[in-house]
Amino acid sequence: MHKHSRHLLRGIGLVCALALGSTACGGSGDGGSDHRAVSAADIRAALKKGGTITVWAWEPTLEQVAADFEKAHPGVTVELVNAGTGNEQYKALQNAMSARKGVPDVAQIEYYAMGQYALTKQLTDLGPFGAGKLSAGFSPGPWNGVKAGGSVYGLPMDSGPMALFYNKRVFDKYRIKVPTTWDEYVDAARALHRADPKAYITNDAGDAGFTTSLLWQAGSRPYKVDGTKVRIDFSDQGARTYTGTWQKLLDEKLLAPVNSWTDDWYKGLGDGTVATLATGAWMPANFASGVKDAAGDWRVAPLPQWTAGGRASAENGGSALALPELGGNEALAYAFVAYANAGEGVRTRVAGGAFPATTAQLNSEEFQDTGFPYFGGQQANKIFAESAANVADDWSYLPYQVYANSVFNDTVGKAYVSGTRLTDGLKSWQDASVEYGDEQGFTVEK
Amino acid sequence: MTTLQPRAAAEPRPASPRARGDRRSWTGWGFIGPFVAVFALVFLAPIAYSVHLSLYRTRLIGGTAFVGLDNYRQALRDDQFWAALGRVSLFLCVQVPIMLGIALLVALALDSGRLYGRNFFRVSIFLPYAVPAVVATLMWGFMYGTRFGLVGDLGDAFGVPLPDPLSPHLVLASIGNIVTWEFAGYNMLIFYSALRVVPHSLYEAARIDGAGQFRVITAIKLPAIRGALVIATVFSVIGSFQLFNEPSILQPLARNAITTDYTPNYYTYSLSFSGQQHNYSATVAIVMGLITMVIAYAVQLRGMRKGA
């Protein structure tokens, strides 16, 4: 019988394991990273020689970039693989890295996740390739996102300076003023929900990326990272400012309990029951493709402020292209990354609807004067570019933010579905993050 | 363990004169060789590897070190693990009796021969089992939606807001509902096929003795399908403890209600894939495997005991 044999075999398995344990060791790979400089001539030689590079990315505009790159350099093949979006891809990447097999030569990694890979030396330091010299070309927020411990581990691909997207039709219908501060935002939320009990100012069912972005804008700096020394504290003034306001929205049930990217969400954006979105400048392309019905209804405004008259902003999302240490063909891979993110490729991607991280594009007239038919012809890039310039660049994520974000809903999520206060939710998120840091060998200050 | 198989006791083993002989034949090994090789590769090796993993600890800072039984000590003190185990135990105690009860009722109804359109009924009850669990859960996930789903529509129709099936205090019941829907038909089929092999002469004898339908059920049918009942229960115990598909697929819809440590299996999955804690994850999986085995074995022993 099945169960019978299983029981027996557990015993055999244990014996085998003991035998294995004595022979197998912890797997001490020799990193094999020599930090010799890679000159421009080396890269040119690699391009001439040709070869194949594998790129794991979900950014749609890269397809055209890869095609152009292949055309410009005959003999080079770019294999673009969509291994999932965000966390899905990180799981696949981490598995490949653990197995030391099938690791791509280039990988798209969001800024919040860079730290983890950089710290564990799973990414190639791009300093020897001369990446440091490119810093002036990128806006400060994204550039800060690819740096760790004085080294550069990727080139910024896009960025997400935040802005407030609002459904003008709904605001006009109920004669509500577009909020410029978060206090006004709360008032607008009340007025809207009173006027139409089915309508909400926005959706928020607990989203780690959104919350950390708002904390960033509010001046909170919960994470202090110095190599392997980490400090986590969600009780600073900025965090209190955020929780004070957001708790009101939660208490009065003014937030639609809908997760972003779900069917409900798209419907809500389309029919006016989700009236605003405070999110990154990469959003317009998603509006145009996912919420076609509401074309012309939406407009863009600067992100509401925590203090009247302020101009603070923050980043939400955005990613870089990096070279995994275990990938191959480094010179060719770097050539592609530089082409896509600092060279010709940027124009291609902007034309395809991406939001650049390069100042040359951000400040160009052509970019700023672009009218968005979806937003009734509004020149929304002006607002985004100004937001990008106002992002404070001293924010840092945890070196294990991917894990921390995965337990956000276990902890802070409680404040969204029960009587738990947001402050207490953040405290338990802090505790969970501290515990994990301790377990993983970080020096965590409390 | 051999006592589990009543047949084993009934068949006396023939004394083997060759057993003490020196002439050992390897022909038998040749026959089972292919099986043993595959079995070792896909069954034994993973278990061995898990046990191996569970004795080490890999950290982001500091690399891999041998830690002996530290991971097991940690697991025994892990509130998250025990809370998850408590959750599936509650699930087991409530959902399994309901599901098996429904399955048994339907099987008895089918077997009674008084049902019109029996074959159609049997197939339609069994049909949910043919729907892949992922599809079934997605479908129910849509129905549970309070805004645009069936629950929302019903609420609108009656003019009362219905409680959210995906809220923290209802989501376990909602998962139970999905699992019951999926597996009641499967269990019904097990019971029904066990009922079909009961000799009809017994029923005739009972009728002659003046037994009513109810008496026939309690005195003949239930004792006759006892083995099937025990098997179904054991499968359900294992299924409950291994609960994973439904919570993991509903999770994106109810992220605040279904935590990453919701069930033991989902916890090991999160440990491994979000936290990179492969070693600890293997430990939790092994501990959970042992607990499942002990409980399933206890259920089986209890169920097979004569006169219980």
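Hydrogens, waters and symmetry mates play no part in the numbers below; they use all other heavy atoms, side chains included. Chain letters run A, B, ... following the sequence lines, proteins first, then strands; residues in each count from 1.
Summarising the local packing, CZ of Phe142(B) is surrounded by 12 or fewer heavy atoms from other residues, nucleotides or ligands at distances under 6.0 Å. Enclosure of atom CZ in Phe235(B) is not indicated, since only 12 or fewer non-hydrogen atoms of other residues, nucleotides or ligands lie within 6.0 angstrom.
Contact annotation for Asn87(A): neither backbone nor side-chain heavy atoms come within less than 4.5 Å of a heavy atom of chain B. Heavy atoms of Pro252(B) lying under 4.5 Å from chain A belong exclusively to its backbone. Contacts of Asp271(A) with chain B are made by side-chain atoms alone, with heavy-atom separations under 4.5 Å and no backbone atom involved. Proximity to chain B (any heavy atom under 4.5 Å) is shown, for Val412(A), by neither the backbone nor the side chain. Heavy atoms closer than 4.5 Å to chain B are found in the side chain of Thr120(A), but not in its backbone. Interface residue Gln116(A): only side-chain heavy atoms are found under 4.5 Å from chain B. Proximity to chain B (any heavy atom under 4.5 Å) is restricted, for Tyr436(A), to the side chain, taken from C-beta onward. In this structure, the portion of Thr58(B) lying under 4.5 Å from any heavy atom of chain A is its backbone and not its side chain.
In terms of heavy-atom pairs under 4.5 Å with chain B, the best-connected choice from Asp263(A), Asp264(A), Thr262(A), Val407(A) is Asp264(A). Ranked by heavy-atom pairs shorter than 4.5 Å toward chain A, the options Gly275(B), Gly62(B), Ser50(B) are led by Gly275(B).
Of all non-hydrogen atoms in Gly441(A) and Arg59(B), the two that sit nearest each other are CA-CZ, 3.8 Å.
Considering OH of Tyr400(A) and CG of Leu60(B), their distance stands at 9.5 Å, rounded to 0.5 Å. Between Asp410(A) atom CG and Arg255(B) atom CZ the span is 11.5 Å, to the nearest 0.5 Å. Once rounded to the nearest 0.5 Å, the distance linking NZ of Lys229(A) with CD1 of Ile61(B) reads 13.0 Å.
Within residues 259-274 of chain B, the residues approaching chain A closer than 4.5 Å by heavy atoms are, in numerical order, Thr259(B), Thr260(B), Asp261(B), Tyr269(B), Phe273(B), Ser274(B).
For the residue pair Gln440(A) and Gln276(B), no side-chain donor N or O sits within less than 3.5 Å of a side-chain acceptor on the partner.
In terms of modelled atom types and a separation under 3.5 Å, the side chain of Asn256(B) and the main chain of Gly206(A) share no donor-acceptor contact.
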